Amino acid sequence: MTAPGAVQGAPGPASFGLAGAAGREAIARSGRRTWRFGDFAVLAAFLVVAAAAPFVVSGSQLAVANRILIFAIMGVGWNVMAGFGGMFSFGHAAYFGVGAYSTAYCVVVLGLAPWLGMALGMALAALFGVGMSYLALRYRLTGAYYTMSTFAFAEALRLFTQGSEPLRRTVGFAVPVRQGSSLAHFQFPAGSPWYYWVGLGLLGLCLAATITFVRSRAGRFTQAARDDELAAAACGINVLRHKLWAVALSAAVTSVAGGYYLQYYMFIDPQIAFGAQVSNDAIITAVVGGTGTIWGPVIGAIVMAPLSDLVAGFLRHPPESLAWLAGHGGLDIIVYAVILILVVMALPKGIAGSWKACRERRSGNGARMGGRLATRLLSALGRRNGDS
Amino acid sequence: MPERAKVALATIGAIAAAALAAWWSSGSSVVLTQALVTGFLTGGIYSLVAMGLTLIYGVLHIINFANGALVALGLYLTLQCVGYLGIHPYVALALVMPAMFLFGAVVQAVLLNPVMRAPIQIQLLVTIGLALAIENGLLLVFGPNPKAVALPGNRGIQVLGATIELSRVYAFVGALALVGVFALLLQRTRMGTEIRAVAANPEGARLVGINTKGIYVVTFALGATAAGAAAVLVSPFTTIEPTAGAMFNLTAFVVVVLGGMGNVPGALVGGLVVGLTEQLAGLIMPSQSPLLAVFVVFIVVLFLRPRGVFGSSA
């Protein structure tokens, strides 16, 4: 092995010292990042700040906040599988729909509390996800084929639900309205901030589960398998088992979003629950925020969920010069689509991913220059150091 | 290849078994013939729609989720040609195909070429955004009301006891001819050779002086052209609305995987299999959506032959 090749490629014996230094640095850095209570401290701070939202906003803005929560839970769920597990799913509508329909069936047909339905939905979604992914991974579907299979499973569930009499075909389920507030029945008067608080609690639980998984041994193994499956398997990691754990967690989290959706909007039908748009929303949320980061999906939800509302609101009451735009259906989604395309083209790593990369680059430069303060000063002055 | 022959025999056997089951459950040979002929004719159209998808995947490695939206765009272009210019729907091919070629070229050059090296979810989201923009653009301009194109001289004819609209026969023949033209273009022209070279090895193709970005543009444009051509051919028997393409999106994915992604002749076989599956399933399980059977077939094939029924096993 020649020296330049050794430096750039896999570290051979000749470059051992250099690789050792790089390795020590990487270990030191990862050691800093694995301090798991840091993540939980951020989560606690986020929940405290976010819980105050109903005191600040109200009415239609609170409805947008609830949608942000649904998008965020979906995005967090998708991110576990795709961002940390490397399995690009285009069928998360399946898990969302299973969560929504399980909850609806328990509440409407069996007359049980929605919490039982949500728990059942989580179990069913995890089972379904593990079963399907086991088949897909067992038959070595990778890349686009894996993505296509997830899409096919979600579509098959939608068509099955449409033709299934016990699930009321295309009619769907409407949750019966109760008098007053009841946490046990997860039902509150319209516009009550309790929907938001309960949803925020669910998002907090989902985030806590994700953090625990990502920082755990199983989560590390999953990420190792994502980065290099062969090497991970060679190190003795049971790749299939860890991938299936990631799928189970991802499916369970996504199904929570379905249950919450049902209790908030009080209606579900096959298209709302299993339509391709649901999978789109989960992907868009996570990718815009940044895949493979804990907070990416939350940031993505905060950015993308209010977007179509903001645009629609703007178009309903446009300024004088744009008055001709008022009252045209479809324009809000066109603007949403254009913004989506621009965001993913400009920030391929997502908002959190780009921020993280930028920070790492800066701290790397800082180490070389002998001080972070200098980097910060330089960047404050607008003089960026080159990447290379 | 003996294995390929085995697979072909198994496919034909499965379709024959499904036909027998359909005959048994419907109890009428005329109904069965109708289903078989309709399935066969619809299958040709599915092949044409899927051909653009398979070409784009084979060369660019992008799953184009905007394929159905491109078909919808083609439908409305046909509608405008027939309505405003007053020309025969099939003459519209001469206008719609170049228009879609240009549209596809612009999309690739402006939106997709800059993200060709990005992870797959980026390209996927760009095509999803494009689909949303096209469908809602159509909604904005033409409104939500369904529209239709009338084909002069369209009537039903008798084929083996089944009644078939002439427009479907024309569409099938036209689709087969176009698939043939596209295949010839790929196999016999310099541009086709360059496209295949880029598909096989983009880096090597670039080193021998092929303009890979240009080839990407041409390939996506050809894919859009195929979607537009399919739109013209199905326009006489399709309800034209902004979301009309969604149906073609679903089936096109199945066809592409059945035929092997990136395999143009495979798309033809896949299209016929999907068309027949859909029609026969409608007879065997009348209460379920026929598409459910299509997806079951899809999933089974995906597991047993992940590179497609007639794809190479490597």
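Excluded from the calculations below are hydrogen atoms, water molecules and symmetry mates; all remaining heavy atoms, backbone and side chain alike, are included. Naming convention: chains lettered A, B, ... in sequence-line order (proteins, then strands); numbering from 1 in each chain. Given the structure is predicted, the values throughout are model-derived calculations rather than measurements.
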(message) What part of A/Val344 gets within 4.5 angstrom of chain B, counting heavy atoms only: side chain, backbone, both, or neither?
(response) both
(request) Measure A/Arg138 against the heavy atoms of chain B and call it side chain, backbone, both or neither at under 4.5 Å. (result) neither
(request) Report the residue from A/Val98, A/Asp269, A/Leu167, A/Thr170 that forms a side chain to side chain contact (heavy atoms under 4.5 Å, CB included) with A/Thr161. (result) A/Leu167
(request) Begin with the C-alpha distance, continue with both residues' side-chain angles, and end with the deciding distance and a verdict on side chain to side chain donor-acceptor pair (under 3.5 Å) for A/Asp227 and A/Gln223. (result) CA-CA 6 Å; A/Asp227 293 337; A/Gln223 289 168 74; over 6 Å; no
(request) Under 4.5 Å heavy-atom distance to chain B, tell me which part of A/Ile284 shows up: side chain, backbone, both or neither. (result) both
(message) Taking every non-hydrogen pair under 4.5 Å, which of B/Val126, B/Leu132, B/Leu292, B/Leu130 racks up the most with chain A?
(response) B/Leu292
(request) Please report the C-alpha distance between B/Phe298 and A/Met148 in whole Å, then the side-chain angles of each, then the deciding distance to 0.1 Å, and finally whether the side chain to side chain contact (heavy atoms under 4.5 Å, CB included) criterion is met. (result) CA-CA 10 Å; B/Phe298 174 58; A/Met148 291 279 196; 4.1 Å; yes
(request) Compare all side-chain heavy atoms of B/Leu70 with those of B/Phe103 and state whether any distance is below 4.5 angstrom. (result) yes
(request) Check whether A/Gln277 gets within reach of chain B through its side chain, its backbone, both or neither, counting any heavy atom under 4.5 Å. (result) side chain
(message) When you compare the side chain of B/Leu291 with that of B/Glu278, does any pair of heavy atoms fall below 4.5 Å?
(response) yes
(message) Any heavy-atom pair between the side chains of A/Phe90 and B/Leu124 that's under 4.5 Å?
(response) yes
(message) At a 4.5 Å cut-off on heavy atoms, which part of A/Ala136 comes close to chain B: side chain, backbone, both, or neither?
(response) both
(request) Report the option among A/Val288, A/Leu340, A/Ile333, A/Ile339 that has the most heavy-atom pairs separated by less than 4.5 Å from atoms of chain B. (result) A/Ile333
(message) Can you confirm whether or not the ring centre of A/Phe88 sits under 6.0 Å from the ring centre of A/Trp78?
(response) yes
(request) Under 4.5 Å heavy-atom distance to chain A, tell me which part of B/Leu111 shows up: side chain, backbone, both or neither. (result) both
(message) Looking at chain A, which one of B/Leu125, B/Ile134, B/Ile63 has the largest number of heavy-atom pairs inside 4.5 Å, strictly under?
(response) B/Leu125
